[in-house]
Each structure stands twice: as C-alpha cells, then as structure tokens.
Amino acid sequence: MGTNVQTITEQVSLIASETTWIEGAAIQQLKKTAELSGMVRVAGMPDLHPGRGYPIGAAFYTRNKIYPALVGNDIGCGMSLWQSSLKVSKINLDKFMKKFDRVEAPLDESWSEVVKRRKGEKDITTQAFDLSLGTIGGGNHFAEFQAIDQVYDAKALKALGLDKKQLQLLVHSGSRGLGQSILVEHIRQFNHHGLIAGSEDCQHYMQQHDEAVRWAELNRELIARRFLEAARSEGHLVLDVNHNLVTAKALDNQSGYLHRKGATPSDLGYVVIPGSRGDYTYLVKPQPSEQSLYSLAHGAGRKWKRGDCQGRLSHKYKKDDLVKTALGSRVICGNKELLYDEAPQAYKKCESVVADMADAGLLEVVARLRPVLTFKTHGDCS
DNA sequence: ATGTAC
C-alpha cells in the first residue's frame with residue numbers, strides 16, 4: 001500500500017492523508033455500503049462526504065449485481081472543459097459579467113437544428129426533458145470561465161491543445177430531470193435491492209442509464225456552446241468526463257461493475273479536479289490504479305453540510321462579500337441559499353485534495369487554473 | 001441532485 005491509502009476494512013479503502021478531514025458519517029456510509037450483497041471493494045476518495053444514505057466521492061465495485069441508487073439521481077453528471085477563443089488579457093470583468101443575461105432559459109429556436117442533429121448523432125430518443133437541455137441546474141453545478149495560472153507540464157498542456165493566453169470554460173452539470181426520473185422509477189419498482197447483472201431489468205436500467213449519460217454529455221456541450229456564444233467566442237472541447245455512472249470493468253480477470261458516485265475515472269486520460277468557485281481547479285494526468293478503483297476525487301469535497309452554510313457564514317460574509325472571491329474572480333449567483341451553500345469556505349482546499357492523490361501516486365498535476373467568472377444562476381434576488 | 005414536497 002502506498003502512502004495516503006488507508007485500509008478501513010478488508011474491503012474498504014480510503015485515499016486520504018491522516019490529516020485530511022473526512023466526516024465520520026461518510027466513513028460509516030462507506031462501510032455500510034460495503035455490506036451490500038455482491039459488493040467486492042469500496043474506495044473512498046479524499047473528497048468523500050456523506051450523501052443521502054450512500055456517500056459521495058467514492059467508487060464501488062460489484063460482481064453479479066448493480067445498484068442504481070449508488071449512482072444516484074444525477075446519472076452522467078460530470079465536467080467538461082472547453083478552450084475559448086477569448087484572450088485572458090482582454091477580459092474586462094465588469095463588462096464580461098453582463099454578457100450572460102440569457103443563459104438559463106430553455107434554448108430558443110435558433111438551437112433546434114443543432115439540438116436535433118446532436119441528439120441523433122448521440123442516439124438520444126427521449127424528448128421528455130428537451131426543455132432542460134442546455135441548462136445548468138442547481139446545487140453544485142456551474143459554468144466557470146478560468147485562466148491557466150500555473151503550468152507544471154507544458155508538454156501535456158500542448159498535447160491537449162491548450163494555450164495559456166486563452167480563457168477556458170469549465171462546465172459542471174448532468175442529466176437534470178431525466179436521470180432523476182430514471183432513478184425514481186427504478187426505486188419505485190425495486191427499492192434498494194439492486195439488480196442482478198444480465199437480467200432483463202438490469203439491461204433495461206443500463207439502457208436508460210447509458211442514454212442519460214449521453215444526454216448529460218450533450219447537456220454540457222450545449223451549455224458550453226451557449227455560454228461561448230453569449231461571450232461572442234468560438235471554442236473547442238478539450239475533455240469531458242463523467243463522475244456519476246456505472247460501467248462494466250474487469251478486475252483480476254473477472255468481470256464486474258464499477259459504480260462511481262462523485263468519483264472521476266482515472267483510466268480515461270486527462271481530467272480536471274475543480275475547486276469550488278473561488279478556489280483553483282487542477283488539470284491532472286491520472287495514473288490508473290486498482291488501489292483507487294481507477295478513480296479520483298471529483299472535486300474539493302464538502303466540509304460543511306448544505307443548509308448549515310448560511311448560519312456559519314452570514315455573520316462574517318454578506319451577499320456582496322461572496323460575489324467577489326479571494327482570487328479576484330466574480331460569482332453570478334442570485335440565489336442566496338446557493339450563494340452560501342456553495343461558498344468556497346464550505347469546501348476543503350482543492351490543493352490538499354489533489355496533494356493527497358499525488359502523494360498516493362494517483363496523478364501528476366499538469367496545470368492550475370484560476371477562476372475568472374463563476375455562473376450559478378441569476379436566481380430570485382439578483 | 002430535482003420542469004423542487006406535504
């Protein structure tokens with residue numbers, strides 16, 4: 001075992017240094033999840049925190065069964081990084097912020113052709129949630145313009161087609177109401193018992209799951225395209241990685257299923273580990289490892305529960321204090337609850353989470369990106 | 001997390 005790989009039980013490991021704060025409740029959930037039938041191994045990431053019954057920031061490996069509830073409602077949620085054609089040096093923040101007045105409504109008619117074409121190309125037939133396509137949603141979802149602030153591996157940066165002078169766009173969103181509807185219907189039918197791998201019910205779930213993953217990818221693409229258009233910019237996709245999904249994966253020459261809930265794949269090339277708005281994002285080169293179930297943290301990880309944050313912060317920080325950050329970036333968030341719940345103070349430092357994984361030999365840092373403008377929502381009190 | 005619940 002390398003450093004920063006803690007053994008909780010025979011089945012359960014945790015990627016974190018001894019000094020990284022992990023809530024006890026999250027470890028309890030991790031151990032509880034390991035007791036599910038068919039569970040082989042569970043790995044917690046350094047951003048592990050409690051969820052509703054199951055923890056967030058973890059990978060779960062099963063044989064013979066899959067557990068849709070472990071993936072959760074936001075099937076296909078992930079991170080998409082685009083490079084814009086805008087020069088960082090040309091950005092006037094006060095002016096720039098005003099460009100994003102119309103990025104929350106359903107996509108208008110001017111998008112219908114590209115939506116139709118891309119849905120076809122991605123074999124997405126469901127129409128029930130078309131109105132949500134191209135919208136960010138709530139919670140920890142965002143669209144954030146960033147500047148490459150430190151380069152540690154210039155070769156890798158170049159291989160990705162990234163230019164330090166260009167403004168980048170990071171999109172965090174998922175399958176909106178579609179994934180939710182799939183999970184709700186599944187739980188109504190099967191509760192939390194999971195599905196026998198290969199069964200008809202399992203195949204049916206996987207078919208819906210896979211479509212929701214493709215829908216979430218298209219959603220991020222459309223969000224990026226509409227933000228780039230609003231910024232009067234061109235752009236190209238650099239990477240897109242899902243952190244909520246279940247996929248077939250062979251381990252020890254035996255087939256099985258790798259569930260990821262807030263866990264970024266480390267076996268698919270470069271990924272980003274985002275800090276909460278007001279903190280740095282890290283572009284990293286993963287080193288695939290079975291020790292972490294081929295996964296990495298999907299972010300900095302919550303330190304404080306949603307709902308607790310306003311009480312903990314409002315004595316010290318008013319609304320106006322939270323829309324400008326210590327790194328000089330701006331935040332558009334007209335929803336007061338979200339403004340507090342997603343404040344950088346509510347999260348761990350991304351640097352420490354990344355360092356835990358680097359020290360465990362799970363990644364090498366390519367570059368550090370600093371936030372420029374984080375868009376959450378115009379909300380109800382902007 | 002959620003075209004946000006009783």
Side-chain angles (χ1 to χ4, degrees), chain A residues 26 29 47-58 67-80 102-108 111 115 119 124 126-143 171-188 192 205 208-209 211-213 215-220 222-223 226 241-246 259-264 274 276-277 297-302 304-310 333-343 346-347 374-381:
Chain A
Q29 288 184 336
D47 62 337
L48 185 79
H49 58 280
R52 281 190 59 92
Y54 309 107
I56 299 159
Y67 290 94
L70 290 180
V71 174
N73 62 317
D74 197 1
I75 302 162
C77 186
M79 293 286 168
S80 180
R102 290 158 58 85
V103 289
E104 289 187 271
L107 292 169
D108 66 26
W111 292 89
V115 169
K119 279 184 78 177
I124 297 167
T126 180
Q127 293 183 359
F129 296 89
D130 279 3
L131 286 177
S132 299
L133 262 179
T135 64
I136 296 174
N140 57 0
H141 292 170
F142 60 78
V171 174
H172 179 203
S173 190
S175 56
R176 313 286 277 103
L178 174 61
Q180 165 88 341
S181 71
I182 293 167
L183 180 66
V184 165
E185 175 56 18
H186 165 79
I187 295 294
R188 189 190 68 76
H192 289 253
Y205 171 79
Q208 293 185 103
H209 164 283
E211 182 167 351
V213 167
W215 194 102
E217 289 165 356
L218 178 57
N219 189 35
R220 288 188 290 275
L222 292 167
I223 292 165
R226 84 187 302 184
V241 184
N242 301 301
H243 52 230
N244 289 353
L245 75 172
V246 52
H259 304 64
R260 292 185 175 98
K261 172 62 175 175
T264 295
S276 180
R277 74 181 203 216
H298 78 313
R302 295 198 79 85
W304 300 342
K305 281 196 271 293
R306 282 197 178 103
D308 284 2
C309 303
Q310 205 165 321
C333 183
N335 179 305
K336 196 176 175 188
E337 205 170 7
L338 265 187
L339 187 63
Y340 282 94
D341 281 351
E342 299 302 317
Y347 284 79
T374 310
F375 186 97
K376 299 287 290 183
T377 176
H378 287 299
D380 43 30
C381 55

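Residue numbering restarts at 1 for every chain, and letters A, B, ... go by the order of the sequence lines. In this text the structure is predicted, and so the values were computed from the model without any measurement.
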Set of side-chain contact (heavy atoms from CB on, under 4.5 Å) partners for A:E342, sequence neighbours left out: A:N140, A:R277, A:R302, A:R306, A:L338, A:Y347, A:K376
By salt bridge (Lys or Arg N to Asp or Glu O under 4.0 Å), which residues pair with A:E217, not counting sequence neighbours? A:K122
In whole angstrom, give the distance that lies between atom CG of A:L183 and atom P of B:dT2. 13 Å
Just checking A:R176: base, sugar-phosphate only, or nothing, at a heavy-atom cut-off of under 4.0 Å? sugar-phosphate
Residues that A:E185 engages under salt bridge (Lys or Arg N to Asp or Glu O under 4.0 Å), provided they are two or more places apart: A:R188
Without decimals, in angstroms, what is the distance between A:H172 NE2 and B:dT2 C1'? 14 Å
Specify whether A:Y205 and A:H209 have parallel, tilted or perpendicular ring planes, treating 30° as the upper limit for parallel and 60° as the lower limit for perpendicular. tilted
Tell me: CG of A:L338 to P of B:dT2, nearest whole Å? 10 Å
For the pair made of CH2 in A:W215 and P in B:dT2, what is the distance, rounded to whole Å? 9 Å
Quick one: side chain to side chain donor-acceptor pair (under 3.5 Å) partners of A:S80, sequence neighbours excluded? A:W82, A:D240
At 4.0 Å (heavy atoms only), tell me whether A:G137 reaches a base, stays on the sugar-phosphate, or touches nothing. sugar-phosphate
Base, sugar-phosphate or nothing for A:G72? Non-hydrogen atoms, less than 4.0 Å. nothing
Have a look at A:A128 and say if it touches a base, only the backbone sugar-phosphate, or nothing, with a 4.0 Å heavy-atom cut-off. base
Under the side chain to side chain donor-acceptor pair (under 3.5 Å) test, residues paired with A:H243 that sit two or more places apart: A:H172
Nucleotides 4-6 of chain B: which of its N/O atoms have a protein N/O under 3.5 Å away?
none

